[in-house]
Amino acid sequence: MCLPLKKRCQVPNTQEGDKSSVDNEREKYNDKHRKPLRPSAGRPLRPLGWRLSLPTLRVETRLAVAMSHQSPILSTRPAPPRDAATACARSNYVEPTIRSIAGAFILACGILVLIKPEWSVLWAATLCFVGFNLFQSGFTQFCVMEKLLKKLRFKSELDEIRTLSRSHAEAEARAAFYDTLGLLNEVVVELSREGELAFLSEHWTKLLAADGRRNADFLGLAFLSFVKQHDRDTLEQRLSALLKGESDIVTLRFRMQREDRLEHWVEGKFARHHKHGQVHGIRGVLRDVTEAYMQEKRISHMAMHDALTGLPNRTYLDARINEAIEQSRSSATKFALLFIDLDNFKRINDLYGHKAGDQLLVSVGELLRASLRATDVLARWGGDEFVVLLPFPGEIDMVRRIASELLDGLRNDLEKQCRDTFVTVSIGVAIYPDDAESAETLLVQADKALFYAKSQGRNNIQLYADLQTRAPGFEDAEMTARFVAAVKQNLLEVHYQPVMDAANPRCPVSVEALARWHDDKYGWVNPADFIPLAENMGLIHEVGRQVLEQALDHFSKRNNTCDALKLAVNVSKRQLMSPDFYPTLLATVERFGVHPRQIKLEITESIALEGIERARALLQRLSDAGFTLSLDDFGTGFSSLSHVHELPFDEIKIDISFVRRIKTPEGRVLVKTIVDMGHAMRLALVAEGVEDSETAAILQGMGVEMLQGYHFSRPMPKEVCADFIARLQAPPAAAAAA
Ligand SMILES: Nc1nc2c(ncn2[C@@H]2O[C@H](COP(=O)(O)OP(=O)(O)OP(=O)(O)O)[C@@H](O)[C@H]2O)c(=O)[nH]1
């Protein structure tokens, strides 16, 4: 880089005399700077001056100005402080003094010739000598002046050459700089204060995929016009802040408006560009970061999104909920969290396989997304659960309406997509800040509301706020929390209580599956405590489902030979009213290889309160499928006994409250009436709560076909129940030995 510059600094076309004078001056300069000039007198000479050297009267002109000083081409030192004009002025100032002295001397000689004519030769010789010296002095002065003029001319030439070579050197340096920029992958841009392109380095056209064009075509155009519309405003704001001096460096990622229309990301780093101490514009470096950006995006997308549906995942949702909380706090607004869960999704997997299940999840995600506003966040929480974060400006009724539209819309769309199955969803809703003030608690409340929605027969919406009034106190007890956890973890157990043939007490006709809960803290919890809890919490449906599945599992694996033995399971009214109860039951029974004929469904009489027509339709389907239908708790709370005969029940189970009174005359009459009425309706009779042989005998005497109670057996774990049945069925001798 330095070589061409030096070469250009050689002095061109100088005459020999000039060259030597320059060399002389340089030597003088170098000598002067090497060591000071010392005259014989031992005093340093002044840089410029005259010395009258007597007795020779030789006027010495000492031009001590080292002209070589003035040439930075020859030396990088700065020019000496004195110039030729100063030297000239000094010589003009000295000459009159000499002339005056010489004049005075000639006048003195003339006077002496007149006074002493005999010394005239001596005086004439002295006069000649002085005249000659004056002439020599003038000539010397003339030479000095000429030299000075030459020096001045030479200096101006030098200045010219220097300016030329400087601009040439600058141009060369610039060219070399641009060549270097061309080696970089980055693009260097210079923008005017108005944002127009003033300079572009080589790869600009490559960055814009404008292959056939030259950089010059772009000069003078607005830089921002090559930035994607979406990123333009931000970049413009940041660059004008930079020009105003509000920031020193701006680093920003944005997209360029490329001719091939591909999305290319650029990282731009900009700084102010100064000239003569003024802000002249902006200088920036643009780096194509598309690949790195896409990679980062892919990684962060993977970390924040669900692989199956492509929807945001829990991590993303958590962040957005926290953001929404911040925003709601500052703007005093509310937002809702909707927990959406597919009803009986397991069944879809079981019936159609996991691939179909996956496809359904994807469809649900798409349908939900399409029904929501862009500002609503939809995430897949996991499994068949989705969560919607719904900012809402108005009343809570608005959330109800949106949730209801989602539920109906989804059901209708899925009905069209899945013609051979019926897919519904349940929705639980919690509102910030009414129901909770932290993201975590809000999610828990929404989940509770969902749980309650499931328990209400699925395919419905529950708001956490409503839950408080519908299931009061369900939050309070620690037991509640432990119970909920037990249900969620499938920790409930099923015990079995046999129902005996009244005519043959050694033969159980069925075993009733009963839910039991053992808690580490509370031990065995009485069903009379946790069943109402389950009702209040809306868990009764879930409890019913778990009991059914466990019981079917046990029943299908039984190894006794009692072929006629039936499995009796309790079905709550809510379960029965759920639209998917029937198909789920059929599928579950089939899954465990059990025939509906082997199942007895015990249904409470309150089913009739749902409207006799509806109840009949629901029950008839079950009866037609082969299930035995038992009217449970008969005699309690049934508004119209006369309706019983309109429902397709196979048997009536007399409530324990009547059986316990059987030893009193009134109680006996009451039970006898129920038994007669049942028989009149061609229904079989079962009595529960038989606790002793006397009661058993009375009931048997009345014609009750089946008996159940502690007199025969308490509810037992499956193994104990299996032993019990095996013992009953063993020949009397073996049973006695056992
Ligand atoms: N196909 C498929 N199944 C999944 C996926 N993730 C979870 N599951 C299944 O989804 C089912 C979720 O069941 P639950 O929500 O507990 O129960 P459900 O059958 O939907 O019943 P309710 O929610 O009580 O109505 C489980 O059987 C999981 O194995 C998945 O990514 N794909």
Side-chain angles (χ1 to χ4, degrees), residues 302 305-314 317 338-368 378-387 403 406-407 410-411 414 417-418 420-429 443-444 446-462 483-492 515 534-535 537-550 552-553 571-572 574-592:
M302 273 161 67
H305 290 76
D306 164 54
L308 177 66
T309 59
L311 291 173
N313 61 12
R314 276 183 198 207
L317 182 74
L338 278 65
F339 244 101
I340 302 173
D341 187 288
L342 289 175
D343 294 330
N344 300 308
F345 181 61
K346 262 188 208 145
R347 187 167 50 88
I348 303 283
N349 277 338
D350 294 342
L351 288 177
Y352 305 103
H354 263 72
K355 215 166 172 186
D358 284 355
Q359 189 47 51
L360 180 63
L361 290 172
V362 173
S363 300
V364 170
E366 285 168 357
L367 292 170
L368 282 171
L378 170 68
R380 184 179 176 207
W381 186 252
D384 59 346
E385 281 182 321
F386 297 83
V387 177
L406 280 181
L407 187 105
L410 209 54
R411 191 175 47 212
L414 290 174
Q417 282 193 14
C418 323
D420 43 358
T421 186
F422 187 62
V423 184
T424 59
V425 296
S426 301
I427 304 181
V429 184
L443 284 162
V444 170
D447 195 27
K448 280 181 187 162
L450 172 68
F451 218 77
Y452 189 64
K454 292 272 179 186
S455 72
Q456 295 303 299
R458 294 176 167 81
N459 189 23
N460 71 97
I461 302 155
Q462 295 294 333
F483 178 65
V484 171
V487 173
K488 282 209 155 188
Q489 293 166 40
N490 229 332
L491 294 180
L492 296 186
E535 293 274 3
M537 284 290 296
L539 292 176
I540 194 70
H541 183 86
E542 180 60 22
V543 171
R545 187 180 68 79
Q546 289 184 16
V547 170
L548 175 69
E549 295 205 349
Q550 255 192 73
L552 282 171
D553 185 43
V571 177
S572 72
R574 286 183 191 134
Q575 274 177 289
L576 196 63
M577 301 311 286
S578 158
D580 59 351
F581 173 73
Y582 175 73
T584 309
L585 179 67
L586 283 185
T588 315
V589 166
E590 194 185 329
R591 177 150 54 97
F592 287 99

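If you're wondering where the values come from, they're calculated on a predicted model, not measured in any experiment. No hydrogens, no waters, no symmetry mates; every other heavy atom, side chains included, goes into these values. Numbering of ligands and ligand atoms starts at 1, following listing order.
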Which heavy atom of the protein is the closest neighbour of [atom], given with residue, atom name and distance?
| atom | answer |
| --- | --- |
| atom 3 (N) of ligand 1 | Asn349 ND2, 2.9 Å |
| atom 7 (C) of ligand 1 | Gly383 CA, 3.4 Å |
| atom 24 (O) of ligand 1 | Arg458 NH2, 2.5 Å |

Counterpart residues, salt bridge (Lys or Arg N to Asp or Glu O under 4.0 Å), relative to Asp306 (two or more places apart): Arg380

Could you list the atoms of ligand 1 found under 4.0 angstrom from a heavy atom of [X]?
| X | result |
| --- | --- |
| Asp343 | 25 (O) |
| Leu342 | 20 (O), 23 (O), 25 (O) |
| Asp384 | 12 (C), 15 (O), 20 (O) |
| Gly357 | 1 (N) |
| Lys454 | 22 (P), 23 (O), 24 (O), 25 (O) |

Given side chain to side chain donor-acceptor pair (under 3.5 Å), test Asp341 with Ser426 step by step and report yes or no. CA-CA 5 Å; Asp341 187 288; Ser426 301; over 6 Å; no

Should one rank Lys346, Gln359, Glu385, Arg380 by closest heavy-atom distance to atom 5 (C) of ligand 1, which comes out on top? Arg380

dist Leu378:CG -> Leu406:CG (nearest 0.5 Å) comes out at 9.0 Å

Evaluate Lys346 against Arg545 for side-chain contact (heavy atoms from CB on, under 4.5 Å), listing each step before the verdict. CA-CA 12 Å; Lys346 262 188 208 145; Arg545 187 180 68 79; 3.4 Å; yes

Apply the test side-chain contact (heavy atoms from CB on, under 4.5 Å) to residues Leu548 and Val571: give CA-CA distance (whole Å), side-chain angles for both, the deciding distance (0.1 Å), then the verdict. CA-CA 9 Å; Leu548 175 69; Val571 177; over 6 Å; no

Does at least one non-hydrogen atom of Lys488 fall below 4.0 angstrom from an atom of ligand 1? no

Val364, Ile427, Leu410 screened by side chain to side chain contact (heavy atoms under 4.5 Å, CB included) with Phe386, the one that passes: Val364

Relative to ligand 1, is Leu361 under 4.0 angstrom through side chain, backbone, both or neither, heavy atoms considered? side chain

If we set the cut-off at 4.0 Å for heavy atoms, which region of Asp358 has an atom near ligand 1: side chain, backbone, both, or neither? both

Checking the side chain of Gln550 only, and the main-chain atoms of Asn490 only, is there a donor and an acceptor separated by less than 3.5 Å? no

Could you go through Leu443 and Trp381, starting from their C-alpha distance and side-chain angles, then the distance that decides it, and tell me whether this counts as side-chain contact (heavy atoms from CB on, under 4.5 Å)? CA-CA 11 Å; Leu443 284 162; Trp381 186 252; 3.5 Å; yes

Could you walk me through whether Asp447 and Glu385 pass the side-chain contact (heavy atoms from CB on, under 4.5 Å) check? CA-CA 10 Å; Asp447 195 27; Glu385 281 182 321; 3.9 Å; yes

Evaluate Phe345 for polar contact with ligand 1, using N/O atom pairs at a separation under 3.5 Å. yes

